[in-house]
Protein chains: 2
Amino acid sequence: MTDGLMTIREMCDSFNVTPRTLRFYEDRELISPERRGQHRLYNRSDRARLTLILRGKRFGFSLEQIRQILELYDPSERNYRQTQQALATARERLSDMERQYTELGAAIIELRAQILGAEAEIDAEEAVPPASPAQASGMTGDSR
Amino acid sequence: MTDGLMTIREMCDSFNVTPRTLRFYEDRELISPERRGQHRLYNRSDRARLTLILRGKRFGFSLEQIRQILELYDPSERNYRQTQQALATARERLSDMERQYTELGAAIIELRAQILGAEAEIDAEEAVPPASPAQASGMTGDSR
DNA sequence: GTCGTATCTTACGTTGACGTAAACTTCCCC
DNA sequence: GGGGAAGTTTACGTCAACGTAAGATACGAC
């Protein structure tokens, strides 16, 4: 704890995931916690990787795509060809993300407009209620 | 064709999806093409919806979430309560997207930095090629 | 008519990302 | 030394989002 190592339970609590999820990510080689006896222990780097994993998921990437990006962050394999490969796929992901960023900006503007439009329609309907027998909300702005 | 109606095949070709996918979206009520005989015919509005569907998928939304957003774009059901419900979920999606937009911007910057870092390392290695047959100082694992 | 092709429905199969249940160690506590 | 708590492996189950195969239908061409 003081040396920055966390148990699987502490990890689950602080990242809001289940043990199953962490073991699953390990099986898919997205993370490789140290073993003390038979227990897993996660260090600072493992936590950083998990943060990236969860973020990548929010962006809609698959675990496999995320794994490839993580290779770039990983100082382990100092193999030239593999690093080049990691770089290539990372550049692809980056361009995906840049495209998505632009598109997302546009989509936000569109959705905002759509919401404003729908709100306007509702306001109009409230001003002229559609023949309902009982209407309780007092939004009748009648000023003498 | 001239009246803006497209067959399922034309849709598949222009949106790069399979017939199965279109029928599946229809089954989940994300789209409802007109029927001429037993064949499906997609109009301009159907195409607009499909564009939104595919975009939503790229953002990582589920088909169900997308369906709820689409209700807002749909001028069919003019039911007050349902419109309010659609508005509520649309606002949630919007705030998701705004959060994701910010986060994505940060992630792009991070990944760019990471790529630059890896490129720098490679340049350094290229400057001092490790292909010497004599033993290196460290443990580079592979010895041949 | 029948042949080809385009589409349709029905239904079981697959893949990714986990959930869940069962049965086993390990360690600590009393 | 028996009990619990935390963790482990193994393996089958599940859900979303389709893939894929089988057989029926419709329509124009020949």
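Here is how names work: the chains are called A, B, and so on, in the same order as the sequence lines, proteins then strands, and each is numbered from 1. Heavy-atom basis, side chains included; hydrogens, waters and symmetry copies ignored.
- Of the possible polar contacts, one joining the A:Gln100 side chain to the A:Phe59 backbone as a donor-acceptor pair under 3.5 Å is found.
- A:Glu98 has no carboxylate O lying under 4.0 Å from a charged side-chain N of A:Arg91, or vice versa, which leaves the two without a salt bridge.
- Checked for salt-bridge contact, B:Glu103 and A:Arg58 meet the test: a charged N lies under 4.0 Å from a carboxylate O.
- The number of heavy-atom neighbours closer than 6.0 Å to CZ of A:Arg44, taken from other residues, nucleotides and ligands shown, is 12 or below.
- A donor-acceptor pair is defined here as one N or O able to donate and one able to accept, closer than 3.5 Å; no such pair exists between the side chain of B:Arg93 and the backbone of B:Gln65.
- Protein chain B contacts DNA chain C over a range whose 5' and 3' limits, counting nucleotides with an atom under 4.0 angstrom from a non-hydrogen atom, are C:dT7 to C:dA11.
- Residue pairs meeting the salt bridge (charged side-chain N to carboxylate O under 4.0 Å, His left out) criterion with at least one partner in residues 14-23 of chain A, sequence neighbours excluded, are absent.
- One atom, CZ of A:Phe24, and another, P of D:dG7, lie 21 Å apart when rounded to the nearest Å.
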| said: Run A:Glu64 and A:Gln68 through side chain to side chain donor-acceptor pair (under 3.5 Å) and show every step you take. | reply: CA-CA 6 Å; A:Glu64 175 55 24; A:Gln68 290 173 356; 3.1 Å; yes
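- The main-chain N or O of A:Gly4 is found under 3.5 Å from a side-chain atom of A:Arg47 such that the two form a donor-acceptor pair.
- Using a cutoff of 4.0 Å between basic side-chain nitrogens and carboxylate oxygens, B:Glu110 and B:Arg112 are not scored as salt-bridged.
- Each ring-ring contact (aromatic ring centres under 6.0 Å, His included) pair with one or both residues in residues 102-121 of chain B, not counting sequence neighbours, would appear here, but there are none.
- Within residues 33-44 of chain A, the residues approached by DNA chain D to less than 4.0 Å at the level of any non-hydrogen atom are A:Arg35, A:Gln38, A:His39, A:Arg40, in residue-number order.
- Using a 4.5 Å heavy-atom threshold, the side chains of A:His39 and A:Thr7 count as separate.
- Nucleic acid contact class of B:Arg23 (heavy atoms, under 4.0 Å, all strands): base.
- Spacing between atom CD1 of B:Ile66 and atom C1' of D:dA16 amounts to 12 Å, rounded to whole angstrom units.
- Within residues 53-63 of chain A, the residues approached by DNA chain C to less than 4.0 Å at the level of any non-hydrogen atom are A:Lys57, A:Ser62, A:Leu63, in residue-number order.
- One atom, CG of B:Leu22, and another, P of D:dC18, lie 10 Å apart when rounded to the nearest Å.
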Under 3.5 Å, N/O pairs linking protein and nucleotides 12-14 of chain D:
none

